[in-house]
Amino acid sequence: MQNRDEDRNRMIDMDIADIVMEKPYGFSVDGRRFFLYPTTLGKNYLIGRLIYDLGFDESRLAVSEHAEVLRIAQQKPKELCRILAYHTFNTKKELFDERQINARTDFFASHINAEDMALLFYMTLTREDLSAATKRLGIDAERKRMERALKAKKKDVNTFTFGGKSIVGALIVPACEKLNMTPEQVVWGISYQFLQLLMADSLTQIYLTDEERKKARLSDGPVINGDDPANWKKIRSQKWD
């Protein structure tokens, strides 16, 4: 069991390294080499509409994602090939070159069978999932701690917050300010995974009074997993306020 966990953590660590390096995945079709590049925020929006139009069945996805992707590949191969074509281009200029997109779509449709098409498309979907990485890095735990700190902090009755209702105010503008980048660079010049990781793990400081800190139950000491029976003795030995 421990070896499996260690292997899984190593795999997650390698995935995190790939995100930081923005590493593309290579594949060959009829002797030609292509790469599935990480999606940017702009590319995500561009491809998102096409994925929506594929008409995935949510109930079937819940049973078997692989089977549902294969069904779509068999029923809508040209549409799926167009999405794959977008994934093999890496710049804004290339992504808006309709002639190149159409030519590559036709090439894939003529040379990739449904099974391989489904596998490639599934790879593009699974690489967008950051849940394992954020859990491995402890970002999820940090978010919960920050939520407790914000909840415990006394609010200034004269302070109001406005904006942040769209992707522009909630992500693009904060990213520009934190990363010293232009909106063009944030939308088209950095992978969406890397952007999410940067924003999720950016340093945030919240000042709390002693009273607020106690209310939030924050501690600089070690965090003990209370769900693990092996830690129950440790928990009983702790001195609580």
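Computed from a prediction, not measured in an experiment: that's the story for all the values here.
- Tyr122 meets the side chain to side chain donor-acceptor pair (under 3.5 Å) test with Glu65; sequence neighbours excluded.
- Within the 4.5 Å cutoff, side-chain heavy atoms of Leu36 are placed close to those of Thr88.
- Evaluated for a ring-ring contact (aromatic ring centres under 6.0 Å, His included) with Trp188, the options Phe96, Phe89, Tyr45 yield exactly one hit, Phe96.
- The aromatic rings of Phe108 and Phe27 sit tilted relative to each other, their planes meeting at an angle between 30° and 60°.
- A salt bridge does not link Glu184 to Lys93: none of the charged nitrogens lies less than 4.0 Å from a carboxylate oxygen.
- The side chain to side chain donor-acceptor pair (under 3.5 Å) search around Ser166 returns none, not counting sequence neighbours.
- The NZ atom of Lys43 sits 10.0 Å away from atom OG of Ser191, with the distance rounded to the nearest 0.5 Å.
- The shortest non-hydrogen separation linking Ala118 to Val69 is O-CG1, 3.5 Å.
- Residues satisfying the salt bridge (Lys or Arg N to Asp or Glu O under 4.0 Å) test with Glu68, not counting sequence neighbours, are Arg71.
- For the atom pair Tyr192 OH and Leu171 CG, the distance stands at 6.0 Å (nearest 0.5 Å).
- In plain terms, the two heavy atoms of Asn90 and Glu94 that are nearest each other are N-OE1, 2.9 Å.
- When side chains are defined from C-beta on, Leu179 counts as touching Leu195, because their heavy atoms get closer than 4.5 Å.
- No path of Ile, Leu, Val, Met, Phe, Trp and Tyr side chains, each step under 4.5 Å between heavy atoms, connects Ile72 with Leu119, placing them in separate hydrophobic clusters.
- Residue Leu120 is not grouped with residue Tyr37 when hydrophobic side chains (ILVMFWY) are merged at heavy-atom distances under 4.5 angstrom, including chains of intermediate members.
- Residue Met117 is not grouped with residue Leu70 when hydrophobic side chains (ILVMFWY) are merged at heavy-atom distances under 4.5 angstrom, including chains of intermediate members.
- By the side-chain contact (heavy atoms from CB on, under 4.5 Å) test, Asn113 pairs with Glu115, Asp116, sequence neighbours left out.
- Rounding to the nearest 0.5 angstrom, the gap separating the CG atom in Leu197 from the CZ atom in Phe194 is 7.0 Å.
- From Leu41, atom CG reaches atom CG of Leu46 across 11.5 Å, with rounding to the nearest 0.5 Å.
- When the side chains of ILVMFWY residues are joined at heavy-atom separations under 4.5 Å, either directly or via intervening members, Ile167 and Ile190 end up in a single hydrophobic cluster.
- Taking the ring axis of Phe35 as reference, the NZ or CZ atom of Arg33 stays within 45° of it and closer than 6.0 Å to the ring centre.
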Quick one: side chains of residues 47-64, donor-acceptor pairs under 3.5 Å with protein atoms, not counting sequence neighbours, listed by atom name and distance.
residue	atom	partner	partner atom	Å
Asp57	OD1	Ser59	N	2.9
Asp57	OD1	Ser59	OG	2.4
Asp57	OD1	Arg60	N	3.2
Ser64	OG	Ala67	N	3.2

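- Residues forming a side-chain contact (heavy atoms from CB on, under 4.5 Å) with Ala109 (at least two apart in sequence, or on another chain): Lys78, Cys81.
- With contacts defined as side-chain heavy-atom distances shorter than 4.5 Å, the pair Val173/Val168 qualifies.
- Between Arg104 and Leu84 the shortest side-chain heavy-atom distance does not fall below 4.5 Å.
- The two residues Thr40 and Gly189 have their closest heavy-atom pair at CG2-N, 4.5 Å.
- Side-chain contact check for Thr39 versus Tyr86: every heavy-atom pair is 4.5 Å or farther apart.
- Both Phe34 and Ile83 are assigned to one and the same hydrophobic cluster, defined by single-linkage of ILVMFWY side chains at heavy-atom distances under 4.5 Å.
- You'll find the side chain of Arg82 reaches within 4.5 Å of the side chain of Asn102, heavy atoms only.
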